[in-house]
Amino acid sequence: MIVSASFVEHVFVSVTAFFVMMECALTIMQTRSAEKGIYTVPDGFEDRMTLAAIRKAADYTGDLAQASLLLTIFGAVFALLMTYGQGLTVIAAFTTTLFGPGLTAQWALVIIVLFLMSLIEFPFGWFARFRVQESYGYMLEPRYQWMRRSLSETAVGLLYMFPFLAVVLSLCELAENHWWFLLWIFWLGYLFWRWYLTRAESIFWNRRCRPFRNEKVKAFIRAHLERLGYQMADIVIMERPKHWSHSNVILAGRGKRTTVVIFSHAAQVLTAPELLAAVMHEMGHRHYHHGELRILFYAIFGFAAAYLVGHASYDPAFFEGFGFSRVLLEITPGNHSGFTLAIGILTFPIFFYPFQPLSNLMTRLMQYQADRYAAQMTDPEIVVDMIFRLHEDKSQTLSPSRLYSLFHYERPRAGMRVAKLKELQKSWNREKLDPVAPVWTGTYDPIHRVRTAFDDYDDDQQGNY
């Protein structure tokens, strides 16, 4: 692949300008959309949210969007300073002088870039993730404790990266011109770990699970899973890991044998029928192979990105397009994978930005499909009630800007999911269809009567699992 420095420069500057201007426009749209919804409560939330709560959510949403915008702008400025501001060249010259031209200098360059990104991000991240929440009463953790925890997590993450990057760069050097393919293999391994292995096996590694003590509810869920052909090994309760911030239930295991893992926040608020709906929602993801589809999507995207960058990096003009000195390339032997990785860490979030809506749209369609499956297995009203219950812990507006949410929300907001389920229920009513007629056969009562099937369940017992 033949590229010119001016072409790379113009593309990066254009995408960066689009990134910043689009974020400014989206922030304005998000704030206005939240303000427009302060006088009305969305359908279905009339008995669950007051106008005062809607007003507070709108104010919080606007402040949070503006804080995120500050983080975005300074991130873009830092990327420009490190590229066209010769920041990478200065750091690379320093590491080359210190360690000599070679892998060690490139490894040190990547580590310093990651450290500087963490250093620049921390104060603005603190404002966006702590200060705004603290001002609205949503952050209960003391400031000193939050800062100490955040700093320790950042330090531990960097310490883990030291040996990992050393191994990756060494293997990339051995792979010579095919280093980009090896990097894609690492990416593929991460995807399998993230969306398959963790759910199948390692969900219990180093996690403290406690037993689900309500035998009545356990038998209730086990019976419904058996009618779907699944054998439930057990139900346990666990604190939700941070990287699964949107999850409520996980079905761990492979094949037809599964363990239901209920995260504690869901176990505290959901009734038995709603808990079943949450399990069926997760079963919908498994039924439609959403994890495998995600792996396939990101694997294809990752291969295309690695191929383009890997082949472009053969030409010194690619590095010059990002303000990197040709002299450092000439004195450094090898395939310069470390230099390329440093540039990628800085610029990838900006280059990926135009593709973010496509990724989010895919995830949203999966959520709607899983909701529909849960509605078929239970009843749309029960799924709506489940969403209402879980939404009680949410603090942002129910009427976000559609365009802002497409760029920033991986999953649809609660109001969007409820609206889809209401439309689904109306269509079933018009067609006079039993939502589960294609699923259930025999003499078993339709599962949409699950409320009466569990009519002797005492709602006051919720949370005592």
Side-chain angles (χ1 to χ4, degrees), residues 23 60 63-83 85 87-88 90-92 94-95 98-99 104-169 186 190 193-194 198 202 205-208 238-247 263-265 338 341-350 352 393-396 408 410:
E23 279 298 290
Y60 175 71
D63 289 351
L64 193 63
Q66 293 171 44
S68 299
L69 177 62
L70 281 177
L71 188 59
T72 296
I73 292 175
F74 278 93
V77 170
F78 177 73
L80 289 174
L81 288 175
M82 293 298 290
T83 52
L88 279 178
V90 172
I91 298 173
F94 170 75
T95 58
L98 191 62
F99 300 107
T104 304
Q106 296 182 59
W107 171 81
L109 169 66
V110 177
I111 293 297
I112 292 175
V113 168
L114 290 172
F115 174 75
L116 289 177
M117 290 178 66
S118 302
L119 194 65
I120 296 296
E121 192 269 350
F122 186 80
F124 299 103
W126 168 83
F127 183 75
R129 290 188 290 271
F130 181 88
R131 185 66 187 93
V132 175
Q133 294 186 41
E134 183 187 46
S135 63
Y136 282 88
Y138 298 136
M139 177 58 69
L140 302 179
E141 187 177 10
R143 182 176 301 185
Y144 172 76
Q145 183 177 338
W146 184 92
M147 294 184 70
R148 184 178 62 180
R149 178 178 56 81
S150 299
L151 287 172
S152 64
E153 289 176 353
T154 301
V156 170
L158 287 173
L159 288 175
Y160 275 119
M161 291 300 292
F162 288 177
F164 176 74
L165 285 174
V167 172
V168 169
L169 290 179
F186 276 105
Y190 167 77
W193 173 84
R194 175 67 179 85
T198 52
S202 64
W205 294 355
N206 300 322
R207 301 287 183 188
R208 296 185 61 184
M238 188 181 80
E239 295 297 324
R240 180 170 59 183
K242 290 183 180 180
H243 60 280
W244 282 340
S245 59
H246 298 286
S247 300
F263 293 136
S264 57
H265 72 282
L341 186 59
I343 293 174
I345 291 172
L346 287 167
T347 62
F348 181 78
I350 296 175
F352 181 72
D393 295 330
K394 307 297 182 181
S395 53
Q396 297 193 48
H408 288 271
E410 185 180 7

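Keep in mind the model is a prediction, meaning the values are calculated, not measured. Computed over heavy atoms, backbone and side chain alike; hydrogens, waters and symmetry mates excluded.
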>> The criterion is side-chain contact (heavy atoms from CB on, under 4.5 Å); which residues satisfy it with Leu169, sequence neighbours excluded?
In response: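 Partners of Leu169 under the side-chain contact (heavy atoms from CB on, under 4.5 Å) test: Leu103, Trp107, Ser337, Leu341.
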
>> Looking at Thr95 and Ala92, would you say the former's side chain and the latter's main chain have a donor-acceptor pair under 3.5 Å?
In response: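 Yes, the answer is positive, given that a donor and an acceptor are paired below the 3.5 Å cut-off.
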
> Crowded around Phe94 CZ? As in, over 12 foreign heavy atoms under 6.0 Å?
Replying inline: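 No, not enclosed.
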
> Would the number of heavy atoms belonging to other residues, nucleotides or ligands and lying under 6.0 Å from CZ of Phe115 be above 12?
Replying inline: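 At most 12 heavy atoms, drawn from other residues, nucleotides or ligands, come within 6.0 Å of this atom.
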
>> Taking salt bridge (Lys or Arg N to Asp or Glu O under 4.0 Å) as the definition, give me every residue that meets it alongside Glu410, ordered by chain and number, with sequence neighbours left out.
In response: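 Residues passing salt bridge (Lys or Arg N to Asp or Glu O under 4.0 Å) with Glu410: Arg294.
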
Nearest 0.5 angstrom please: [X] [atom1] to [Y] [atom2], how far?
X: Leu165; Y: Gln106; atom1: CG; atom2: CD; answer: 12.0 Å
X: Phe127; Y: Ser135; atom1: CZ; atom2: OG; answer: 7.5 Å
X: Ile343; Y: Met82; atom1: CD1; atom2: CE; answer: 10.5 Å
X: Trp146; Y: Arg131; atom1: CH2; atom2: CZ; answer: 12.0 Å
X: Leu114; Y: Leu119; atom1: CG; atom2: CG; answer: 12.5 Å
X: Ile111; Y: Leu116; atom1: CD1; atom2: CG; answer: 11.5 Å

> Do Glu23 and His408 come within less than 4.5 Å of each other through their side chains, counting heavy atoms only?
Replying inline: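 They are in side-chain contact.
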
>> Please find the pair of heavy atoms, one from Ala108 and one from Phe99, that lie closest to each other, and give the distance.
In response: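 Between these two residues, the closest heavy atoms are CB-CE1, 3.7 Å.
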
> Which atom pair, heavy atoms only, marks the closest approach of Leu159 to Pro163?
Replying inline: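 It is O-CD, 3.1 Å.
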
>> The test is side chain to side chain contact (heavy atoms under 4.5 Å, CB included); show your working for Ser150 and Phe122 and say whether it passes.
In response: CA-CA 9 Å; Ser150 299; Phe122 186 80; 3.8 Å; yes

> Hey, mind stepping through Met147 and Glu141 against side chain to side chain contact (heavy atoms under 4.5 Å, CB included) and telling me if it holds?
Replying inline: CA-CA 10 Å; Met147 294 184 70; Glu141 187 177 10; over 6 Å; no

>> Would you call the rings of Phe164 and Phe186 parallel, tilted or perpendicular, taking 30° and 60° as the class edges?
In response: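 Geometry flag for Phe186 against Phe164: perpendicular rings.
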
>> With side chain to side chain contact (heavy atoms under 4.5 Å, CB included) as the criterion, how do Glu239 and His265 come out once you've worked through the C-alpha distance, each side chain's angles and the decisive distance to 0.1 Å?
In response: CA-CA 8 Å; Glu239 295 297 324; His265 72 282; over 6 Å; no

>> Between Met117 and Leu346, is the side chain to side chain contact (heavy atoms under 4.5 Å, CB included) condition met? List the steps.
In response: CA-CA 8 Å; Met117 290 178 66; Leu346 287 167; 4.1 Å; yes

Can you give me every donor-acceptor pair (side chain of residues 65-79, partner residue at least two apart or in another chain, under 3.5 Å) with its distance?
unit_1, atom_1, unit_2, atom_2, d
Gln66, NE2, Gly62, O, 3.3
Ser68, OG, Leu64, O, 3.0
Thr72, OG1, Ser68, O, 3.0

